[in-house]
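Have a look at the structure below before the remarks.
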Amino acid sequence: MDVAQQIKAQLDIVRVISDYVPRLRRFGNRYSCLCPFHTEKTPSFSVYADHQFYKCYGCDAKGDVFNFVMAMDGISFWEALKKLAEQNGIPLPKQSQAMDDKTRLRGIIREMHEIALEHFRANLSGPNGAQVRGYLKERGVTQNSAQLFQIGLSEGGGRTLLRLLEQRGFKPDQMVESGLIGRSDDGSLYDRFRNRLMFPIHDESGKVIAFGGRALDVESKAKYLNSPETEIYKKSNVLYNLHRAKQGAAKTDRMVMVEGYMDVIGATQAGIAEVVAPCGTALTNEQIRAMKRHSANLHLNFDPDAAGDKAAERSIKLLLDENVRIRVVELEGGLDPDEFCKKHGTELYRERIANAKPYFYWLADRARQRFDMRDPQGRNDIFKFLLPAIQGLRDKIERASVANDLAHYLGIESGLVLEHFRKMAADRTEHTSAPPRADPAKATDRILLVLLLNDESVRPELLGALRELPGWRQSPTAPIYQALMTMHDANEAISFNAVHERLGPTDQEKLASIVLEAASGSVTAEDGAACIEKMRRDDRETIARDLKARIKIAEREGRISDAFELMRTLSEHM
Ligand SMILES: [Zn+2]
């Protein structure tokens, strides 16, 4: 057995994967969850304990425990092997230390980051850090927070870290590769971070992989300077504070997203543990997926003036595409979380988080402020304002349900809303990656249900005709027909919302999908009559088939008089 096999034999893939994906559900020896490698709503990712193998039936990701860790962490085979061995206390035999060059370089860069971290922290707590410690205190960062977030200070000299790394024997090329050291045109080396407050950035397992530096010198060109991308740092994959926030999210099943390092610290001091920030980049799909593995409920707390701007809009679109449930945290007075906590106290901040409105309600409130609801033109404008956001939803059912919620919230007559959203659903071009949903209803059912919902004048007649036909009970939409009949008999007002409320989740989905599918072209009473006629024919055919089968059996069994009797019934029926 080689080393990899030896290590593999001592690992349980289910346990390793559940460290990354907290919500694995067990079905015998198979475990299932939402795929961490692609966006989906229903789980198609399976882990097979017997075979120590995983496979996604959506994106075809598959492999063993090493493949999984390599893909999730973006590391090489050797690194995955080493990581798993270390985590599980499995000793690595000597000869396996022979690693590829890239893996060795990453190890060296990690080591330099550990050294830099200690160096920056020592600077802050040392005699030269007195002024900056005062500054932190003034900004409301407690000593505990400074410790917890491992805040440090890079000195202004420009070569202190360089000297230190040289003493430890690192080579110039390695230092430049680490991103901690820069190289000028004349070939001389210098510290990238000078006179800055240093915020270490960690990977999900809590190892420092980069730094963000806030300028202490007001003259400085860049207020924030971040590490460049290196062998160990891909900024589009990393969320600041995720390694701590995931523990909080495990308890609260939510994440709070703020903009900057100081906001994360402010929120943490306010007792919000599940807080993350993108690291000086626009939010990416990779970051969203990393967060979503721990919770799909996101409280978004960006600067209020930024909430409407293009970057925030783009972030929200990405989040909706990844099926994240967004709530928007609103802080009055144009304050960011850090400022808000200082001015109004941490308790009020926690309250703002707890009472954050779902994104679409928040959007509706904005629309209400802007347009006059009493005015027909104003109502029309509100639709125009809200439609693009709803249209951005990937899932048709979700669009229908959000549309209904919003109509209700805004107090708008649902017929009008449905009309708008039908159009909208038709306009929406589906992502090619989403497989088309199987149509749950036959064309006849679709036409009949749309008529029954919307056209009062034909409803009694149609329902009467339906009752005469046994066929509707076999239809996949039978529960919807049943609800309509019951409501009609009880003289209840029939509307999409009213019927919707009576149904279970599966039938609700069917109903919404039928109503939205009927987007193109209107349905007439003649269409309805034609459907009833078709159902009649189908029923007759079913009965005829059944009679013919019984005749055959009777003939085979020699019951000739029975066969004749059945034949007579059949000829009457035809
Ligand atoms: Zn997948």
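Order of listing sets the numbers, starting from 1, for every ligand and every atom in it.
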TODO: May I ask you to decide if Ile272's main-chain N or O and Arg350's side chain share a donor-acceptor pair within less than 3.5 Å?
DONE: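 No, Arg350 side chain to Ile272 backbone: no donor-acceptor pair under 3.5 Å.
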
- [ ] Keeping waters out of it, list the protein N, O or S atoms under 2.8 Å from the Zn ion (ligand 1).
- [x] Cys35 SG, His38 ND1, Cys56 SG, Cys59 SG

- [ ] Output all residues satisfying salt bridge (charged side-chain N to carboxylate O under 4.0 Å, His left out) with Arg289, sequence neighbours left out; order by chain, then residue number.
- [x] Glu322

TODO: Taking all non-hydrogen atoms of both residues into account, name the closest pair between Val258 and Pro337 and its distance.
DONE: CG1-CG, 3.8 Å

- [ ] Please tell me if the side chains of Lys8 and Asp64 come closer than 4.5 Å, counting only heavy atoms from C-beta onward.
- [x] yes

Open item on the list: Under the rule for side-chain contact (heavy atoms from CB on, under 4.5 Å), what residues qualify as partners of Leu148, not counting sequence neighbours?
Closed with: Arg244, Thr268

TODO: Name all residues meeting the side-chain contact (heavy atoms from CB on, under 4.5 Å) criterion together with Pro228; count only those two or more places apart in sequence or in a different chain, and write none if there are none.
DONE: Arg192

